[in-house]
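Structure first, commentary second.
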Amino acid sequence: MPAFSGCDVAIVGGGASGTLLAVNLLRSARAPFRVVIVERSGLLGRGLAYSTRSPRHLLNVPAARMGALPEDAEHFLRWLRKTWPDTAPGDFVPRDRYGLYLESLLRDVAARAPAGVQLETVPAEVVSVQEEGGRVRLALASGGWVEARAAVLAVGNAVPADLRVPDGGLYASERYHRSPWASWALRDVGPRDSVLLIGTGLTMVDTVLSLEEQGHQGVMHALSRHGLLPHVHRAGALERSMAYSSPGIRDVLRALRQEVMRECEEAVGADGHLHPIPVRIRAVLRIMRQEVKRATDAGADWRAVVDALRPATVPLWHRLTPGERRRFLRHLRSHWEVHRHRMAPAIGETVERLRREGRLVLHAGRVRSFRLEDSGVEVRLRPRGREAEEVLHVQHVVNCTGPEGAITRAHPLLQEMVAAGRVCPDVLGMGLATDAHGALMDLSGHASGLLFTLGPPRRGELWETTAVPEIRVQARALAEHLLQRLGTAPVTRVPMVHTGLPLDR
């Protein structure tokens, strides 16, 4: 493959994060400007989340809130209604439609970009990143390279990590399925086989739906440390949230946000300078509980409080010390996840039915070891709150723990960059250290002027950075920063023209 030169911004990864960034660059750039997306699958807008083809895998956010443009939350809903006119604002639609939407949006924006503003897709895998002479060179597995004035690592989520327990040969066998998102992952599971699903979050729920879709009738055991299932969105959640946002409760909500987002109080430190007084998780919990009671009195419930807190989550995270963040991750993360990332009502009904039928059994505990048997897998586990171990016999084990917690361990490219000292993990080891704009930090703590990231790699720095409502804001801000840094100020945005599958604003 030949070298690609003259590129202004190279985006490594064409999933939701990379696609949203490219959309914002193409909408705002002045010519001449060239964007290259390097995506090994050749597919744009999909990634892990939206590559599914199952109609049972639904978005866990109502359609009216999933627009790709920060200023137009209903953009996706209007696009849907061109093909599915009966779509309601509160509908939870199949995830593959969102992948089609992102792909269509990028195609439409590229076609309507000013003359000289170009998009090119390179179907290849990036194996190394070098900074040379004020430019970035991306080496490709095919032997070529892409050269750019700036590069953005939009690598998305990583596949799950193997449990660090004795596996007795399980991990090298066909009875273990490390990533349930692969199209072939569950094809060897027989209709009557018993299955252990490690994890009880949304990845587990997707796996349960996939197994049932392929005719599985056996027992599915789901295990996690707390044994918590994601909560379910209430039917009519959009309408109910209005009660919480009514004038009577708005002042209370504003007080909550001011408590969380207000300017830090300051105290004089030993060095004689003013320093912010950090927030403690215990205080935040107290505020949340008080606000849930107020929301309930207003006719809403805790879901409205969790959703209303989203704009304050990142400022709140920044005010937590690393020790308080670790305390949250150790003690409260599971509870936050099941309240924050909820199931669509229809999926919740399916999960509850399977539990009533005895086909889905929840376990709270830890896996201690695996051992292959002639007929399956012996799983030794310790139930939560008990010392004695129990033994479970299943035919298959599926890793549903979700994306690898330490993203740098899961991506070979990031491993190589960390080993070379060009980037470094964040203080929690969850993602990559960045500055406020998403510029990657090296081991010396210096922000790169050439390398950036957005989305899941910033989780340790921002916490809430994996869902579209957060990523679309990041993509807009990073695009504007890059355009200013590269010397091409954003142009005035104009409405998109109606053609084909319209993406009108």
Side-chain angles (χ1 to χ4, degrees), residues 16 19-20 23 45 49-50 52 54-106 108-109 202 205-206 209 230-250 253 295-296 298-313 339-351 464 466-473 475-476 495-496 498 500-505:
T19 297
L20 289 172
V23 164
Y50 310 119
T52 176
S54 172
R56 296 193 179 193
H57 292 166
L58 307 180
L59 294 173
N60 62 342
V61 176
R65 294 178 175 172
M66 284 293 287
L69 309 175
E71 75 277 10
D72 189 356
E74 293 191 349
H75 189 268
F76 174 54
L77 176 63
R78 295 199 305 277
W79 180 88
L80 280 169
R81 285 175 167 172
K82 301 300 179 179
T83 305
W84 298 276
D86 296 331
T87 304
D91 284 353
F92 297 84
V93 302
R95 291 209 304 265
D96 66 332
R97 295 183 188 176
Y98 200 75
L100 290 172
Y101 162 67
L102 291 179
E103 180 186 35
S104 180
L105 173 62
L106 180 60
D108 194 82
V109 169
L202 291 175
V205 172
D206 277 352
L209 297 173
H231 286 281
V232 181
H233 284 279
R234 293 181 66 181
L238 285 176
E239 293 76 10
R240 284 188 174 88
S241 66
M242 296 304 294
Y244 184 65
S245 299
S246 63
I249 200 67
R250 189 175 294 127
L253 177 58
T296 303
D301 67 4
W302 60 264
R303 295 168 179 82
V305 177
V306 171
D307 293 342
L309 191 61
R310 289 182 75 165
T313 303
H339 286 80
R340 168 69 178 79
H341 302 287
R342 306 190 288 273
M343 293 184 280
I347 291 178
E349 292 173 2
T350 298
V351 170
E464 287 293 342
T466 60
V468 166
E470 283 76 35
I471 295 175
R472 66 190 175 197
V473 174
R476 168 67 58 80
M496 298 168 65
H498 174 102
L501 279 178
L503 294 167
D504 53 313
R505 291 174 19 207

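Aromatic ring pairs are classed by plane angle as parallel below 30°, tilted from 30° to 60° and perpendicular above 60°; the pair Trp79 and Phe76 is parallel.
Shown here for Ala344 and Leu58, the closest heavy-atom pair between the two residues is CB-CD1, 4.0 Å. Taking both residues in full, the closest heavy atoms of Ala63 and Ala88 are given as CB-O, 4.3 Å, listed atom of the first, atom of the second, then distance. The minimum heavy-atom distance linking Arg56 with Leu209 is given by the pair O-CD1, 3.4 Å. What you find for Pro70 and Arg476 is that their closest heavy atoms are CD-NH2, 3.6 Å. Residues Arg472 and Met66 share a closest heavy-atom pair of NH1-C, 3.9 Å. Shortest non-hydrogen contact noted between Leu59 and Phe92 is O-CD2, 3.3 Å.
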*Leu80 and Arg97: side chain to side chain contact (heavy atoms under 4.5 Å, CB included), yes or no, with the steps?*
CA-CA 8 Å; Leu80 280 169; Arg97 295 183 188 176; 3.9 Å; yes

*asked:* side chain to side chain contact (heavy atoms under 4.5 Å, CB included), that's the test. Do Val232 and Glu349 meet it? Break it down for me.
replied: CA-CA 9 Å; Val232 181; Glu349 292 173 2; over 6 Å; no

_Run the side chain to side chain contact (heavy atoms under 4.5 Å, CB included) test on Met343 and Asn60 for me, step by step, so that the C-alpha distance in whole Å, both residues' side-chain angles and the decisive distance to 0.1 Å come before the verdict._
CA-CA 6 Å; Met343 293 184 280; Asn60 62 342; over 6 Å; no

*Assess whether side chain to side chain contact (heavy atoms under 4.5 Å, CB included) is satisfied between His341 and Leu202, documenting all intermediate values.*
CA-CA 8 Å; His341 302 287; Leu202 291 175; 3.7 Å; yes

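Salt bridge Arg340/Glu470: present, at least one basic N to carboxylate O contact under 4.0 Å. Salt bridge present: Arg78 and Asp72 bring a charged side-chain N and a carboxylate O closer than 4.0 Å.
The structure places NE2 of His57 at 4.0 Å from CG of Asp206, a figure rounded to the nearest 0.5 Å. Here the CG atom belonging to Leu105 is positioned 9.0 Å from the OG1 atom belonging to Thr19, to the nearest 0.5 angstrom. Taken to the nearest 0.5 Å, the CD atom of Glu464 stands 10.5 Å off from the CD1 atom of Ile471. Atom CD1 of residue Ile347 and atom NE2 of residue His233 lie 9.5 Å apart, to the nearest 0.5 angstrom.
At least one donor-acceptor pair closer than 3.5 Å links the side chain of Thr87 to the backbone N or O of Trp84. Proximity of a side-chain donor or acceptor of His339 to a complementary backbone N or O of Arg303 within less than 3.5 Å is not detected. In this structure a side-chain-to-backbone donor-acceptor pair under 3.5 Å is missing from Tyr50 to Tyr101.
Side-chain atoms of Arg342 and Val306, non-hydrogen and from C-beta on, do get closer than 4.5 Å to each other.
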